[in-house]
2 protein chains.
Amino acid sequence: MSDVSILSDEFYSFLTGKVSTAISRRLQRNLKCGKLNITSEQWTILYHLWLEEGLTQQELANLTFRDKPSITRLINNLEKLSLVIRVNDKHDRRSNLIYLTKEGRKLKDEGMKQSAITINEAVAGLGLEELRVAQQVLDKVFQNIK
Amino acid sequence: MSDVSILSDEFYSFLTGKVSTAISRRLQRNLKCGKLNITSEQWTILYHLWLEEGLTQQELANLTFRDKPSITRLINNLEKLSLVIRVNDKHDRRSNLIYLTKEGRKLKDEGMKQSAITINEAVAGLGLEELRVAQQVLDKVFQNIK
DNA sequence: CTTCTTTAATTGCATAAGCAACCTAAATTA
DNA sequence: TAATTTAGGTTGCTTATGCAATTAAAGAAG
């Protein structure tokens with residue numbers, strides 16, 4: 001194994017949530033600025049639905065790297081907020097297909113805008129090349145341990 | 001602003017917890033393999049205490065980038081597990097100094113070992129130079145939005 | 001001193017995650 | 001076609017997080 005001891009301490013603390021926590025909080029804050037009353041976790045579900053409706057809970061679980069109970073509860077809460085609905089799949093009655101409500105669709109523009117703002121704040125001052133390397137590293141790390 | 005659209009989608013999902021979630025889960029699993037019955041969050045507290053005891057809760061909050069209530073409850077749970085104790089600071093009675101118990105100290109070797117294993121699994125196959133770039137990027141991102 | 005402000009920690013309330021156990025429907029296979 | 005296995009979701013239990021409001025001690029200002 002290579003000697004990663006030079007950077008592992010700080011790197012580890014970054015990997016273990018420091019950066020992603022900071023991003024979540026910032027996204028949360030920005031959503032609030034945009035008058036969106038949703039959590040950053042709910043945003044990740046809506047994000048995928050804004051791109052494509054009718055996903056199953058299992059598909060959402062895979063896309064967001066969460067377990068099934070987490071999705072069940074996120075969908076419960078989003079249903080309570082009248083942003084999505086479960087539609088039982090006629091071809092496979094085990095599955096729920098998740099659709100946005102009108103309310104849910106209305107949030108798309110602002111939701112996309114605030115996440116774009118967030119990511120631009122996050123990567124401000126960084127060059128494409130280093131971002132690309134960072135992405136490759138994160139991708140590789142994810143493949144290593146997922 | 002630079003055009004980050006090429007990578008932002010995937011990058012964003014990495015930043016928003018995919019990688020850190022994977023690492024947490026892996027650490028959790030490895031801790032379990034090492035017969036350590038603690039959560040990965042508890043590990044992050046213990047980690048700092050293994051390096052230096054007598055930190056205040058506020059210091060732990062800063063080190064782990066959590067808010068004070070989170071620390072209060074993590075310390076509560078660690079106290080229940082008899083791994084740490086709160087000692088009221090005689091010079092500033094608002095503060096608690098957090099010390100490890102014998103039990104808590106006993107976990108150091110295995111705790112450090114399992115986290116080292118975890119990080120080595122995570123960065124397997126990656127070169128020092130790309131890790132360094134990734135770390136710089138994450139650092140910059142953190143500075144941008146913290 | 002006494003008042004005002006800041007700081008450390010706690011509590012309450014709501015949301016979210018992980019894991020294990022469970023239920024039901026679908027797919028396999030015998 | 002009956003029996004078994006697999007897959008999609010849900011529920012229970014425990015832990016963790018964020019935010020706002022609160023208490024108590026310390027420090028600063030008058």
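Residue numbers start from 1 in every chain, and the chains themselves are labelled A, B, ... in the order their sequence lines are given, proteins ahead of strands. Below, all heavy atoms of this structure are taken into account, side chains as well, without hydrogens, waters or symmetry copies.
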Next item on the list: Report yes or no: do B/N144 and A/E121 form a side-chain donor-acceptor pair below 3.5 Å?
Entry: no

Checklist line | Separation of C/dT7 P from B/N62 CG (nearest whole Å) | finding: 12 Å

Notebook entry, point to check: Quick one: do the A/N76 and A/R86 side chains pair a donor with an acceptor below 3.5 Å?
Noted result: yes

Margin query: Under a 3.5 Å threshold, yes or no: a donor from one side chain and an acceptor from the other, between A/Q135 and A/D139?
Written below: no

Check: For residues A/T101 and A/S82, is any side-chain donor paired with an opposing acceptor at under 3.5 Å?
Finding: no

Notebook entry, point to check: Over how many whole Å does the gap from B/L55 atom CG to C/dA9 atom P extend?
Noted result: 11 Å

Next item on the list: To the nearest Å, give me how far apart CG (B/N37) and P (C/dG18) are.
Entry: 18 Å

Check: Taking the side chain from B/T56 and the backbone from B/L97, do they hold a donor-acceptor pair closer than 3.5 Å?
Finding: no

Checklist line | Close side-chain approach of B/W50 to B/R105, heavy-atom, < 4.5 Å | finding: no

Next item on the list: Mind calculating the distance between NZ (B/K18) and P (C/dA17) to the nearest angstrom?
Entry: 15 Å

Item checked: Nearest-Å distance for atom pair CG/C1', residues A/N76 and C/dA14 -> 15 Å

Next item on the list: May I ask you to check whether B/T44 and B/R66 show a side-chain donor-acceptor distance below 3.5 Å?
Entry: yes

Notebook entry, point to check: Atom CD of B/Q58 and atom C1' of C/dT10: how far apart are they, to the nearest Å?
Noted result: 13 Å

Notebook entry, point to check: CG of A/L60 versus C1' of C/dA16: gap in Å, rounded?
Noted result: 16 Å

Next item on the list: Return the value, rounded to whole Å, for the distance between atom CG of B/L27 and atom C1' of C/dC19.
Entry: 16 Å

Next item on the list: Measure from the side-chain N and O atoms of B/E53 to the backbone N and O of B/L100, and report whether any donor-acceptor pair falls under 3.5 Å.
Entry: yes

Check: How does each nucleotide of nucleotides 15-21 of chain D score, in 5' to 3' order, for protein heavy atoms under 4.0 Å: base (B), sugar-phosphate only (S), or none (-)?
Finding: SSBBBB-

Next item on the list: Specify the residues of residues 83-107 of chain A, ordered by number, for which at least one heavy atom lies under 4.0 angstrom from an atom of DNA chain C.
Entry: A/D92, A/R93, A/R94

Note to self: Main chain of B/L83, side chain of B/E103: is a donor-acceptor contact present, judged purely on distance under 3.5 Å?
What the structure shows: no

